[in-house]
There are 2 protein chains.
Amino acid sequence: MEGLPEIHECKRTIMAVHDAMHVLGGKWKVSIVASLCFGPKRYSEILKDVHGISGKMLSRELKDMELNKLVNRTVLDTQPVTVQYELTDYGQTLKPMIANLAEWGIEHRKEIFGK
Amino acid sequence: MEGLPEIHECKRTIMAVHDAMHVLGGKWKVSIVASLCFGPKRYSEILKDVHGISGKMLSRELKDMELNKLVNRTVLDTQPVTVQYELTDYGQTLKPMIANLAEWGIEHRKEIFGK
DNA sequence: CTGTATCCACCTTGATACTG
DNA sequence: CAGTATCAAGGTGGATACAG
């Protein structure tokens with residue numbers, strides 16, 4: 001597999017992909033990560049960014065990702081309270097993968113609608 | 001976002017990621033693609049590769065991916081019949097993304113178990 | 001604003017049995 | 001070997017109401 005000199009075995013790759021998906025599974029997680037790739041966001045901002053997600057699901061997914069050390073949650077001392085989410089250093093390591101996925105998604109859209 | 005010179009906007013990235021996930025969503029698709037990244041495979045080989053998947057789900061996911069032009073299905077003239085699946089040229093474009101995901105998955109496993 | 005609780009419809013998946 | 005059919009169970013996610 002090109003571009004992956006460290007990997008020489010199929011099963012190992014599949015396991016790795018499976019591990020990654022265990023953390024990024026669910027309908028919304030990668031979209032949320034994508035949103036947070038562009039800097040810290042408040043709850044309501046993510047809600048607007050990720051089209052179609054409900055408040056319940058956003059809370060739930062963010063809590064999941066917090067447990068997995070992917071995002072940090074900070075309650076800001078404002079009136080009324082606002083909460084800021086941001087990728088942890090660990091979460092930042094997902095950026096290249098998100099970038100790849102986005103790039104493919106754009107090409108895919110062209111493939112579907114463009115011609 | 002580093003490594004993505006063409007993308008300058010958050011919403012567009014999120015949409016792109018969403019589009020990609022529309023095709024790769026579901027519990028098993030990325031694992032199946034990962035398996036096929038290592039060359040054509042027969043149904044039963046994929047079944048062994050992707051740990052935990054049932055025959056029903058494998059059939060269903062492969063059919064989905066065939067509709068989306070990601071994989072080719074070829075019935076081989078053997079006795080009994082065997083069926084070979086392989087990534088289309090279009091499906092091959094997913095390789096970099098799978099490679100990234102696998103790389104991250106391996107690091108993630110270290111993060112969880114390694115220390 | 002940022003959630004949580006509840007109820008509920010739907011979808012996904014697994015198990016099993018069966019076909020060509 | 002490569003599927004399909006059927007059933008049952010559990011998970012997923014939306015709507016709404018409510019709380020701090």
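Chain identifiers are assigned alphabetically (A, B, ...) following the order of the sequence lines, protein sequences preceding nucleic acid strands; residue numbering begins at 1 within each chain.
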query: Quick one: OG on B/Ser54 to CH2 on B/Trp28, what's the gap to the nearest 0.5 Å?
result: 7.5 Å

task: Please name the residue in the list B/Ile106, B/Val50, B/Val33, B/Val30 that meets the side-chain contact (heavy atoms from CB on, under 4.5 Å) test with A/Val17.
output: B/Val30

query: Mind checking whether B/Gln84 and B/Arg73 have side chains closer than 4.5 Å, heavy atoms only?
result: no

- prompt: To the nearest Å, how far apart are B/Lys27 NZ and D/dG10 P?
  reply: 14 Å

- request: Taking only Lys NZ, Arg NE, NH1 and NH2, and the carboxylate oxygens of Asp or Glu, determine whether B/Lys63 and B/Glu66 approach each other closer than 4.0 Å.
  value: no

task: Quick one: label B/Arg73 by what it contacts on the DNA or RNA (base, sugar-phosphate, nothing), any heavy atom closer than 4.0 Å.
output: sugar-phosphate

field: Range on DNA chain C touched by chain A - first to last nucleotide, heavy-atom distance under 4.0 Å
entry: C/dC1 to C/dT6

query: Taking the nucleotide of DNA chain D with the closest heavy atom to each, which residue, B/Pro80 or A/Pro80, is nearer the 5' end?
result: B/Pro80

message: Please determine whether a side-chain nitrogen of the Lys or Arg among A/Glu107 and A/Lys110 lies less than 4.0 Å from a carboxylate oxygen of the Asp or Glu.
response: yes

- request: Name every residue in residues 45-56 of chain A that has at least one heavy atom under 4.0 Å from any atom of DNA chain C, in order of residue number, or write none if there are no such residues.
  value: A/Lys56

Pairwise distance CD1(A/Ile14) to CD1(B/Ile98) - rounded to 0.5 angstrom: 10.0 Å

- prompt: Separation of A/Glu61 atom CD from D/dG13 atom P, in whole Å?
  reply: 6 Å

- request: Not counting sequence neighbours, which residues clear ring-ring contact (aromatic ring centres under 6.0 Å, His included) with A/Trp104? List them please.
  value: A/His108, B/Tyr90

field: Distance, rounded to the nearest Å, where A/Met57 contributes CE and D/dA15 contributes C1'
entry: 14 Å

task: Find the distance between CE (B/Met65) and OG1 (B/Thr88) and round it off to the nearest 0.5 Å.
output: 9.0 Å

